[in-house]
Undergrad: 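Just passing along the structure, written as structure tokens.
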Amino acid sequence: MENFAALTYLAAGVLFILALRGLSHPETARQGLTFGMVGMGLAIATTLLLPQVTAYVPIVLAIAIGGGIGAFIANKIDMTALPQLMAGFHSLVGLAAVFVAGAAFNDPEAFNIGTKGDIHLASLIEMSLGLAIGAVTFTGSIIAWGKLQGRISGKPVTFGGQHQLNAFLGVIMLLMIILLCVTGSAVVFWAIALLALALGVLMIIPIGGADMPVIVSMLNSYSGWAAAGIGFTLHNNLLIITGALVGSSGAILSYIMCKGMNRSFLNVILGGFGGEQASASAADMGDRQAKIGAAEDAAWIMKNASKVIIVPGYGMAVAQAQHALREMADILKHEGVDVKYAIHPVAGRMPGHMNVLLAEANVPYDEVFEMEDINREFAQADVAYVIGANDITNPAAKSDSSSPIYGMPVLDVGKAKTVLFVKRSMGSGYAGVDNPLFFEDGTMMLLGDAKKMTEDIIKAMES
Amino acid sequence: MENFAALTYLAAGVLFILALRGLSHPETARQGLTFGMVGMGLAIATTLLLPQVTAYVPIVLAIAIGGGIGAFIANKIDMTALPQLMAGFHSLVGLAAVFVAGAAFNDPEAFNIGTKGDIHLASLIEMSLGLAIGAVTFTGSIIAWGKLQGRISGKPVTFGGQHQLNAFLGVIMLLMIILLCVTGSAVVFWAIALLALALGVLMIIPIGGADMPVIVSMLNSYSGWAAAGIGFTLHNNLLIITGALVGSSGAILSYIMCKGMNRSFLNVILGGFGGEQASASAADMGDRQAKIGAAEDAAWIMKNASKVIIVPGYGMAVAQAQHALREMADILKHEGVDVKYAIHPVAGRMPGHMNVLLAEANVPYDEVFEMEDINREFAQADVAYVIGANDITNPAAKSDSSSPIYGMPVLDVGKAKTVLFVKRSMGSGYAGVDNPLFFEDGTMMLLGDAKKMTEDIIKAMES
Amino acid sequence: MAEDHRTLTESAADLANRLQDLSERAADLAVQTSDVISQSSAHAQPFIITGLTVFVLACFVGYHVVWRVTPALHSPLMGITNAISSVIVVGAIIALWPASGGFSLMAFLAVVLASVNIFGGFIITRRMLHMFKKKA
Amino acid sequence: MAEDHRTLTESAADLANRLQDLSERAADLAVQTSDVISQSSAHAQPFIITGLTVFVLACFVGYHVVWRVTPALHSPLMGITNAISSVIVVGAIIALWPASGGFSLMAFLAVVLASVNIFGGFIITRRMLHMFKKKA
Ligand SMILES: NC(=O)c1ccc[n+]([C@@H]2O[C@H](COP(=O)([O-])OP(=O)(O)OC[C@H]3O[C@@H](n4cnc5c(N)ncnc54)[C@H](OP(=O)(O)O)[C@@H]3O)[C@@H](O)[C@H]2O)c1
Ligand SMILES: NC(=O)c1ccc[n+]([C@@H]2O[C@H](COP(=O)([O-])OP(=O)(O)OC[C@H]3O[C@@H](n4cnc5c(N)ncnc54)[C@H](OP(=O)(O)O)[C@@H]3O)[C@@H](O)[C@H]2O)c1
């Protein structure tokens with residue numbers, strides 16, 4: 001049985017690998033998802049068949065309760081709330097890891113790792129690491145969820161000596177883990193948990209709301225490493241393989257986001273960046289005048305264009321303008337206009353955010369292009385329709401070495417004959433940097449809610 | 001010690017992985033090679049430090065003898081003889097595997113796999129598979145070496161019932177392995193070895209000389225799987241990891257070659273393809289007349305071109321024309337002509353063959369392009385200088401569905417304004433298929449040895 | 001009495017002999033035991049070693065597989081990894097009501113939470129993926 | 001004599017007691033032994049399982065790593081794989097002159113052949129790679 005279980009666990013691990021491989025293309029992605037689900041089913045079924053597992057009723061009950069809640073949430077949630085949802089789910093993984101560590105500590109015999117009060121040293125170390133990472137993930141993800149959901153102010157909460165305090169608490173935690181290894185005391189165990197919960201809060205509050213996606217990915221990566229650690233405790237290769245997959249995935253996504261923002265990971269972690277948007281910054285612009293347009297102007301310009309590139313950003317998600325946008329694109333295509341979508345790697349608030357929203361509005365994925373693939377085409381475009389995006393189009397990132405976003409790769413919308421900016425004000429985006437493009441000759445500002453404005457343009461086009 | 005050894009073996013495995021990763025770019029390749037050598041050093045050093053290893057003198061002696069021979073051969077060999085060299089080396093790996101299996105059978109205690117005459121069943125199975133694959137690799141590679149070196153006729157040796165005979169011998173072998181598992185008899189063991197040696201010869205002789213590269217890669221792949229099998233016997237993860245790496249590498253290279261020739265692997269294995277080239281096939285062309293040129297004509301045409309693409313093939317390797325070719329390209333570049341090299345995936349007689357020869361002649365690797373990257377540029381080229389290549393330029397592969405090479409991707413040399421073919425006759429290439437391009441208007445044949453002809457062109461350019 | 005004495009002495013000697021025999025056998029057993037243990041430990045490395053091997057290889061696989069994911073599907077990637085990271089449910093199931101202890105509330109809660117994630121993660125990913133369509 | 005008798009009887013009884021003690025301890029030892037063995041076998045899976053895990057993961061790694069190799073370096077790839085596949089030398093070294101048997105000519109030859117390959121493979125690869133140069 002042991003060996004049979006090891007083999008099916010291995011099969012489950014392979015299925016998880018194939019699941020991620022499937023995501024290399026939209027065509028194969030659904031098959032990949034199926035692999036992932038089969039793998040998970042196999043893993044759970046194998047565990048249920050283990051001789052030491054007998055309490056089927058509470059297990060099935062727990063799975064039914066949890067599964068029901070999960071299915072309900074996942075079916076009901078709006079696609080625009082994805083970043084929050086991911087943060088929320090991560091917090092649950094963290095809490096689950098805390099509980100697993102706690103259960104193992106209370107009943108080590110069940111896991112073959114020693115007897116109560118006399119747990120093997122290696123297992124104690126692995127367990128306390130799993131506990132600490134799980135607890136940090138739990139509270140950290142809750143803060144991230146709150147900031148993304150708007151329940152907590154997105155402003156970085158900073159105070160003097162903050163990093164010193166965190167470092168100090170980190171050292172205390174290390175000492176307590178050593179103490180736990182020496183004494184095996186339950187009090188120390190739960191003290192570690194409490195400390196880690198506090199540390200999770202303290203580590204995330206100084207980080208601005210818009211940096212949360214990086215944090216969510218980082219915590220995802222941590223939860224992977226924690227799962228691998230638990231795998232070492234339980235002598236279970238499936239947990240190790242899965243942990244390594246999840247850990248790499250989170251780390252790579254954080255890396256991609258940091259690179260897309262041209263910031264170092266350390267810079268994100270130390271926090272203090274972003275937050276409430278400087279809404280009145282338009283006043284700072286002195287007497288430079290931007291051209292303000294109406295929906296009718298935009299409709300006329302686009303109908304007479306031969307090539308339009310649409311650049312969606314965070315504002316499109318906020319306004320839920322993707323459906324209206326697709327409708328507008330349909331009208332243009334009907335008129336014979338060539339319409340494409342350009343996606344910046346960090347547009348929106350999570351990796352791939354814009355792609356999902358556009359897919360939701362039935363935009364075919366082969367009309368949607370990555371930055372590198374389309375950036376050269378702006379020079380041949382008549383119109384760049386920038387909807388709710390700001391930082392990712394800011395030419396200061398290329399020209400102004402004093403700008404905080406200097407060096408970040410941006411979409412060359414300025415190369416298009418006309419740039420239409422749909423946003424509610426002349427305010428800045430998440431980085432809080434003014435966008436000089438607003439005041440260029442070829443630019444027309446369409447001030448208003450993204451959805452409302454797009455609908456007005458559709459009306460103007462149809463009349 | 002056991003555990004320490006397992007860790008250093010793991011490190012060696014990681015170094016091997018990094019060695020292959022390094023080959024993703026010429027810049028990192030030398031570093032990758034260093035990783036590979038360090039990994040091998042680590043593996044051997046670890047083994048020498050194992051407590052059961054004490055006979056340092058014969059071990060060092062054996063390594064010194066073998067290393068000396070290997071170093072001598074590798075330093076002296078001509079780069080044009082690479083395909084033979086690889087086949088020869090593979091035969092040695094095969095023989096070494098036979099000897100390791102034999103040593104393990106004679107002295108199972110040394111490997112902890114049972115006692116003499118009473119070896120664990122699993123180990124017997126693994127061992128006999130290693131033995132059989134090793135022996136097939138040995139004789140198979142020797143035949144491949146002979147065909148590539150010209151010691152054995154490249155003609156496929158076929159006779160009626162050949163495949164039936166091979167299948168029959170395969171079944172016999174399987175029965176003998178079962179017998180070995182039951183009796184553990186040494187006679188059966190060596191009978192398996194003899195049979196496998198014979199099978200290696202029989203399997204390879206029906207395959208034409210030009211298909212040998214696929215066979216060499218296939219045998220390479222087999223030797224990898226055999227190494228992994230021995231790893232299972234010896235409970236050694238390093239052998240398993242390395243075996244899997246080598247096995248995948250050989251399989252992927254065979255696949256790439258088959259795809260480059262648009263043939264199925266089975267078709268190659270069953271043999272009967274290729275062989276001696278039909279030298280008199282020009283006569284079949286009826287009254288179609290090819291334009292025959294002289295070195296002076298070619299020199300004049302290329303000097304007045306603005307873009308020349310050079311297409312090397314097997315004939316360049318045979319004639320060792322790469323140095324003269326580089327010289328000619330230098331003169332052209334000096335005259336302001338844009339010179340590039342186009343490499344077909346199966347040009348020459350092994351994967352990457354042309355790249356190595358051009359590199360040997362100091363052609364910078366950033367002037368050398370893969371087929372997909374350069375095929376579109378032929379339309380803008382004034383001259384395609386095809387030197388010793390034939391099949392890889394044959395447009396019949398695209399147009400003539402009855403041609404044996406139909407469907408094989410080819411270089412579009414015909415799109416260039418002028419095509420210069422350097423070869424000794426109007427004969428066909430390895431596939432034995434006539435090349436209609438010889439008779440096109442824009443084609444000029446430069447009949448002669450590739451090196452001699454190129455040198456004549458250089459002389460004409462300089463005068 | 002003398003006979004008795006002899007018998008007793010003899011039997012004592014006998015016993016002593018048997019004792020020696022037995023102690024030899026015990027020593028034998030001990031040797032065999034240590035043999036078996038050392039042999040099985042020679043064959044089976046401690047888990048930390050094989051675990052490490054698996055971990056290192058899995059990191060390589062993860063690295064390559066994740067870099068191959070197309071950026072357009074990075075959100076579904078987060079969804080799937082979220083779901084599969086809840087495979088720790090396996091540990092919680094074992095601890096829920098083991099033979100050694102009674103019902104563990106903590107393990108129960110862990111199974112509930114992990115299940116939220118598994119179902120939630122897979123379903124939201126499926127919703128996302130079902131929206132990705134090619135041009136008709 | 002009676003005292004003698006008593007002493008002897010007593011010592012016999014004593015011996016018998018000790019014997020029982022010892023046999024109990026032996027039984028204990030046996031139980032512990034089987035415990036240790038079963039425990040270690042519960043902890044350590046047979047090698048075939050971990051080996052298979054390692055093998056499957058290594059195949060994934062090999063697949064991805066080899067597809068990343070640039071076609072221009074396929075010949076050096078053959079050279080390196082040729083060299084590293086001779087890592088079976090490790091097995092030959094162990095068998096060359098083990099404590100259990102005498103000198104093994106077969107193992108000796110295997111080490112020689114594998115060494116030809118290792119040195120030959122690496123050196124020819126180095127020669128190839130040293131020729132690849134960028135535009136000056
Ligand atoms: N995607 C990721 O993974 C990720 C991760 C971390 C950080 N980030 C950061 O997020 C930013 C993303 O750039 P972005 O250009 O997409 O967003 P942005 O720079 O934050 O700009 C969004 C713009 O949308 C406008 N907006 C908000 N609500 C709107 C509504 N209802 N209707 C119309 N417009 C609305 C806002 O202007 P008004 O207030 O004037 O309307 C704002 O300027 C980057 O700076 C990036 O570094 C992204
Ligand atoms: N690269 C690989 O990995 C690989 C593997 C398996 C099979 N193959 C096969 O090998 C073939 C490679 O195509 P290819 O175009 O390179 O070679 P090819 O089609 O065999 O043609 C080589 C040509 O070179 C000429 N030649 C020979 N010696 C010469 C000399 N000394 N001077 C001048 N010309 C000479 C020959 O014509 P003359 O006799 O008229 O001189 C011959 O037509 C393909 O068919 C491919 O499928 C390649």
Undergrad: Can you tell which part of E360(B) gets under 4.5 Å to a heavy atom of chain D, answering side chain, backbone, both or neither?
TA: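 When you check distances to chain D, atoms from both the backbone and side chain of E360(B) fall under 4.5 Å.
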Undergrad: Over 60° means perpendicular and under 30° means parallel, so classify the ring planes of Y63(D) and W67(D), tilted if in between.
TA: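 Taking Y63(D) first and then W67(D), their aromatic rings stand perpendicular (interplane angle over 60°).
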Undergrad: Look up atom CG in N117(D) and atom CZ in F122(D), then write down how far apart they are to the nearest 0.5 Å.
TA: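 N117(D) atom CG to F122(D) atom CZ measures 10.5 Å (nearest 0.5 Å).
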Undergrad: Could you tell me the separation between the CD1 atom of I80(D) and the CG atom of L23(B), rounded to the nearest 0.5 Å?
TA: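 It is 4.5 Å, given to the nearest 0.5 Å.
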Undergrad: Identify the heavy atoms of R326(B) and A361(B) that sit nearest to each other, and give their distance.
TA: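 The pair with the smallest heavy-atom distance is NH1-O, 2.7 Å.
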Undergrad: If you look at every heavy atom in R127(D) and A74(B), which pair is closest and at what distance?
TA: NH1-O, 2.6 Å
Undergrad: Mind ranking E27(B), M37(B), M350(B) by heavy-atom pairs under 4.5 Å with chain D and telling me who comes out on top?
TA: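 Of E27(B), M37(B), M350(B), M37(B) has the most heavy-atom pairs under 4.5 Å with chain D.
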Undergrad: For the CE atom of M131(D) and the CZ atom of R126(D), what is their distance to the nearest 0.5 Å?
TA: 12.5 Å
Undergrad: For the candidates G91(D), S104(D), A83(D), which exhibits the highest count of non-hydrogen atom pairs separated by less than 4.5 Å from chain B?
TA: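 Most pairs with chain B among the choices: G91(D).
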Undergrad: Heavy-atom cut-off 4.5 Å, strictly under: side chain, backbone, both or neither for L96(D) against chain B?
TA: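 Only the side chain of L96(D) comes within 4.5 Å of chain B.
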Undergrad: Quick one: of P58(B), G32(B), G22(B), G13(B), who has the most non-hydrogen atom pairs under 4.5 Å with chain D?
TA: P58(B)
Undergrad: Is V98(B) close to chain D through its backbone or its side chain, or both, or neither, when contacts mean heavy atoms under 4.5 Å?
TA: neither
Undergrad: Rounded at 0.5 Å granularity, tell me how far CE in M354(B) sits from NE2 in H344(B).
TA: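 The CE atom of M354(B) sits 12.0 Å away from the NE2 atom of H344(B).
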Undergrad: Could you give me the CA-CA distance, side-chain angles and deciding distance for R68(D) and V65(D), then say whether side-chain contact (heavy atoms from CB on, under 4.5 Å) is met?
TA: CA-CA 5 Å; R68(D) 272 173 58 125; V65(D) 166; 5.8 Å; no
Undergrad: Shorter than 4.5 Å, heavy atoms on both sides: which option in S86(D), G120(D), G121(D) has the most such pairs with chain B?
TA: G120(D)
Undergrad: Is there side-chain contact between L253(B) and H74(D), with at least one heavy-atom pair below 4.5 Å?
TA: yes
Undergrad: Can you tell which part of V53(B) gets under 4.5 Å to a heavy atom of chain D, answering side chain, backbone, both or neither?
TA: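 Just its side chain gets close to chain D.
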Undergrad: Contact part of L109(D) toward chain B, heavy-atom cut-off under 4.5 Å: side chain, backbone, both or neither?
TA: both
Undergrad: Using heavy-atom distances under 4.5 Å, tell me whether L358(B) contacts chain D through its side chain, its backbone, both, or neither.
TA: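 Contact with chain D: none, neither part.
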Undergrad: Under a 4.5 Å heavy-atom cut-off, does chain D meet the side chain of A71(B), its backbone, both or neither?
TA: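 When you check distances to chain D, atoms from both the backbone and side chain of A71(B) fall under 4.5 Å.
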Undergrad: Which atoms of I88(D) are under 4.5 Å from chain B, going by heavy atoms: the side chain, the backbone, both sets, or neither?
TA: both
Undergrad: Starting at CG of N237(B), measure out to CZ of F232(B) and round the result to the nearest 0.5 Å.
TA: 8.5 Å
Undergrad: With a 4.5 angstrom heavy-atom cut-off, which part of S85(D) approaches chain B: side chain, backbone, both or neither?
TA: both
Undergrad: Does atom OH of Y56(B) have more than 12 heavy-atom neighbours, drawn from other residues, nucleotides or ligands, at distances under 6.0 Å?
TA: yes
Undergrad: Sort L92(B) into side chain, backbone, both or neither according to what part of it lies under 4.5 angstrom from a heavy atom of chain D.
TA: both
Undergrad: As an exercise: rank L113(D), L129(D), I84(D) by heavy-atom pairs under 4.5 Å with chain B and give me the winner.
TA: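 Option with the top pair count is I84(D).
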Undergrad: Go through the atoms of S249(B) and report whether side chain, backbone, both or neither lie under 4.5 Å from a heavy atom of chain D.
TA: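 Both backbone and side chain.
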Undergrad: Whether the N82(D) and N220(B) side chains hold a donor-acceptor pair (N or O, under 3.5 Å, no angle test) is what I'd like checked.
TA: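 Note: N82(D) and N220(B) side chains miss the donor-acceptor criterion.
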Undergrad: Identify which part of F369(B) has an atom lying under 4.5 Å from any heavy atom of chain D, answering side chain, backbone, both or neither.
TA: neither
Undergrad: We want to know whether T47(B) and Y9(B) form a side-chain donor-acceptor pair, criterion being a heavy-atom distance below 3.5 angstrom.
TA: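 Looking only at side-chain atoms, Y9(B) and T47(B) do form a donor-acceptor pair, the distance falling under 3.5 Å.
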Undergrad: Name the region of A64(B), side chain, backbone, both or neither, that has any atom closer than 4.5 Å to a heavy atom of chain D.
TA: neither
Undergrad: Atom CD1 in I230(B), atom CD in E126(B): separation rounded to 0.5 Å?
TA: 10.0 Å
Undergrad: Can you say whether H90(B) sits under 4.5 Å from chain D via the side chain, the backbone, both, or neither, judging by heavy atoms?
TA: both
Undergrad: Heavy-atom cut-off 4.5 Å, strictly under: side chain, backbone, both or neither for I241(B) against chain D?
TA: both
Undergrad: Does any backbone or side-chain atom of H130(D) lie under 4.5 Å from a heavy atom of chain B? Answer side chain, backbone, both or neither.
TA: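 Contact with chain B is through both the backbone and side chain of H130(D).
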Undergrad: Name the member of V216(B), N75(B), N106(B), L238(B) that forms the most heavy-atom pairs with chain D at distances under 4.5 Å.
TA: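 The answer is N75(B).
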Undergrad: If you count heavy-atom pairs under 4.5 Å between each of M79(B), H25(B), H353(B) and chain D, which one has the most?
TA: M79(B)
Undergrad: Does the S91(B) side chain pair with the main chain of F138(B), one donor and one acceptor, at a distance under 3.5 Å?
TA: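 The answer is no, because no donor-acceptor pair under 3.5 Å joins these two groups.
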Undergrad: Given that the side chain runs from C-beta out, which part of L20(B) has a heavy atom under 4.5 Å from chain D: side chain, backbone, both or neither?
TA: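 Backbone plus side chain of L20(B), per the 4.5 Å heavy-atom cut-off to chain D.
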Undergrad: Taking all atoms of both residues into account, what is the closest heavy-atom pair of V246(B) and T81(D), and its distance?
TA: CG2-O, 3.7 Å
Undergrad: If you apply the rule side-chain contact (heavy atoms from CB on, under 4.5 Å), what do you find for V356(B) with F132(D), and how did you get there?
TA: CA-CA 8 Å; V356(B) 170; F132(D) 279 85; 4.2 Å; yes
Undergrad: What option among G62(D), S115(D), P71(D), G51(D) has the most heavy-atom pairs under 4.5 Å with chain B?
TA: S115(D)
Undergrad: Side chain, backbone, both or neither: which part of V89(D) has a non-hydrogen atom closer than 4.5 Å to chain B?
TA: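 Only the side chain of V89(D) comes within 4.5 Å of chain B.
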Undergrad: Can you tell which part of L82(B) gets under 4.5 Å to a heavy atom of chain D, answering side chain, backbone, both or neither?
TA: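 Answer is side chain: those atoms of L82(B) sit under 4.5 Å from chain D.
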Undergrad: Which one, P345(B), A227(B), G36(B), leads in non-hydrogen pairs under 4.5 Å with chain D?
TA: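 Highest number of pairs under 4.5 Å: G36(B).
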Undergrad: Of all of L73(D), V111(D), V61(D), which one pairs up most often with chain B through heavy atoms under 4.5 Å apart?
TA: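 Sorted descending by pairs with chain B, the first entry is L73(D).
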Undergrad: For M40(B), is it the side chain, the backbone, both, or neither that has a heavy atom closer than 4.5 Å to a heavy atom of chain D?
TA: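 Contact with chain D is through the side chain of M40(B) alone.
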Undergrad: Taking side chain as everything from C-beta outward and backbone as N, CA, C, O, which of these in L105(D) sits under 4.5 Å from a heavy atom of chain B? Side chain, backbone, both or neither.
TA: neither
